[in-house]
Protein chains: 2
Amino acid sequence: VQVGTSHEAEYDSFLPLPERELISRIRRLSRRRIAGIATGRLIAGIGDDCAVVRIPAGHEALVTTDFSLEGVHFRREWHSPQFIGHRCLTRGLSDIAAMGGKPLAAFLSLALPAKIPQRWVDGFLEGLLKLAKQFNVPLAGGDTTQSPGKVLADIVVLGSVPTGKAVLRSGSRAGDRIYVTGDLGGAAAEVDLLYSRRGGKRTSSRRPSFVPRPRINLGRILRQRGIATAMIDISDGLSTDLSHICEESGVGAEVWVNAVPRADFHKRPVDLRSALHGGDAYELLFTAAKRTRVPAGIEGVKISAIGEITRGEGMTLVQSGGKKSPFKPQGWQYFG
Amino acid sequence: VQVGTSHEAEYDSFLPLPERELISRIRRLSRRRIAGIATGRLIAGIGDDCAVVRIPAGHEALVTTDFSLEGVHFRREWHSPQFIGHRCLTRGLSDIAAMGGKPLAAFLSLALPAKIPQRWVDGFLEGLLKLAKQFNVPLAGGDTTQSPGKVLADIVVLGSVPTGKAVLRSGSRAGDRIYVTGDLGGAAAEVDLLYSRRGGKRTSSRRPSFVPRPRINLGRILRQRGIATAMIDISDGLSTDLSHICEESGVGAEVWVNAVPRADFHKRPVDLRSALHGGDAYELLFTAAKRTRVPAGIEGVKISAIGEITRGEGMTLVQSGGKKSPFKPQGWQYFG
């Protein structure tokens, strides 16, 4: 079931539910934002049983789904609704980036408590749709309903990639170098601070220092130039996401501690734990053959070599002095 | 983010959350069920950032998303977990059917309370995956997380339809006949009875009399033979879903009360309200040009002519004596 239909005034009377005003609002905002988007690829969107989307010839479809649940992935007390909406769509777009793909359309399933302030919903949609417009991605459908409890969102992104060219997690080989885009740990350090200072208590909505950017262009360039042998986005933390590449590729990894790029937070580099294990970075983690020339940056985003793929299983941290210690997956989130 | 990865024992240690056992179980069950499915179209599934799906040449992609939320769309006290899983996927497949499409892959976002019994989750997946196998639809990914409250599921189905051939809601013209497949009101009458008798109190899990069948083959045949000018599935009730066709097509409708096919429940036809307004039927509602020959049944499923599309707006009920009354959208659900 898609969100809404085309005649708003009539639609309202067709939905005997408390959230009918909210649905109208979603549809109105979506349409306004989509107006400026080239939607030649979208044959039918909001207002039918399914969206109909044209996949470019010679391409395969990419599909990803990601929950953004209040109390699990975010707290309304900790971030603005705009930020939460922005990050909701970022989660989906970032998965498309990690395949080297291009996003074609987004779908939002959204369940709202009966008494949520309208301005919160407006802010959430504003953040989500602003990002959608930046990447030329129409909001093509979804589902809306009343929530039995908190705010529940599930973002679906449909994308495309040239046939056979998707960059999988399984392509790493022993000897490959490990790279990461941008800096790590900023979002995690910020949430860590909020949590430790406030103990989860209400604080005024604030402007986050770290607004994640889905690395769509970067992912496509890494695929097009044949650089990445395997790729994943860092949503759960470097340690956990690198472990997924190792698992899928049947390899191990050595990570050079001092090479891991740490974000600045309050004018100092974040702590090592945030950089190695903190989630919500939405940077790309990829591997490339040792002989491949990897630029130090692409489109203004820094690329750092942080280690090497090894034979066998397990991950190791290498200190500057050469001392080695086990590197266990310990990605964490603090929103619960 | 996709559900899980390929090495189960390792994966468990990678997920420091209470639901890690549940995720393992989902992956195990999914893989066992999918083993028997022809997955040539699925290039990458569970275990990467996105699923990669091949859309057949000359086809467009269909995408639909549908929530199944405890306390909104179902109650654990009222139906078996198998039934709830079955209906969760039915909601998505039925939307594909209503476009005349073919389902290619399903994606399940599932959030579970920390203390849900494992046997409930097993039952839910059993019902969902059994239906998936019947329609040759692999569970290709999704997302899993802990729920802040009740069971939260969002089903996504990706399908395909020949380019330009999707049956939309907007194709009805004045003079078209209105048709419906199967019988209406059974599921609604059953829930109605449960609700009035039990007042929402716990009752033993029981075998429902009405197990919905997504009308995939029927929808495709109606499209292939050029019969349907517009189509929708009846998920919210005949009155509400017909109103969507009217809105999108810019037409009105007359419905002949006595022609509406009522399901038998406890050996008697259901009440008129259940047939006209009851949800969860998952039958197809379509229109066809007056001159089109519509068979009385296709593949063993009855097809009934129930009215006529009219000029202008608004829907009318026509009694057997010719008396007319307004027909308002009043689809309802009782799970809240």
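Quick caveat: nothing in here was measured; it's all calculated off a predicted structure.
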Hey, are D66(A) and T64(A) close enough side-chain-wise for a donor-acceptor pair under 3.5 Å? yes
Tell me the closest heavy-atom pair linking [X] and [Y], and the distance in Å.
| X | Y | answer |
| --- | --- | --- |
| V72(B) | P148(A) | CG2-CD, 3.8 Å |
| S235(B) | D241(B) | N-OD2, 2.9 Å |
| S239(A) | Q330(A) | OG-N, 2.9 Å |

Residue selection (most heavy-atom pairs with chain A, distance under 4.5 Å) from I232(B), V167(B), I96(B), I245(B): I232(B)
When A111(B), A97(B), G149(B) are compared by non-hydrogen pairs under 4.5 Å with chain A, the top option: A111(B)
Derivation and outcome, side chain to side chain contact (heavy atoms under 4.5 Å, CB included), residues R54(A) and I43(A): CA-CA 7 Å; R54(A) 192 168 290 153; I43(A) 313 305; 3.2 Å; yes
Identify which of [options] forms the greatest number of heavy-atom pairs closer than 4.5 Å to chain B.
| options | result |
| --- | --- |
| M99(A), E70(A), K328(A) | M99(A) |
| T163(A), L104(A), L110(A), I55(A) | L110(A) |
| V157(A), V53(A), V161(A) | V53(A) |

Under 4.5 Å to a heavy atom of chain B? For L158(A) that would be side chain
Under a 4.5 Å heavy-atom cut-off, does chain A meet the side chain of L152(B), its backbone, both or neither? both
Where on L62(B) is there a heavy atom nearer than 4.5 Å to chain A: the side chain, the backbone, both, or neither? both
Residue pair V156(B), S109(B): steps toward the side chain to side chain contact (heavy atoms under 4.5 Å, CB included) verdict: CA-CA 8 Å; V156(B) 178; S109(B) 287; 5.8 Å; no
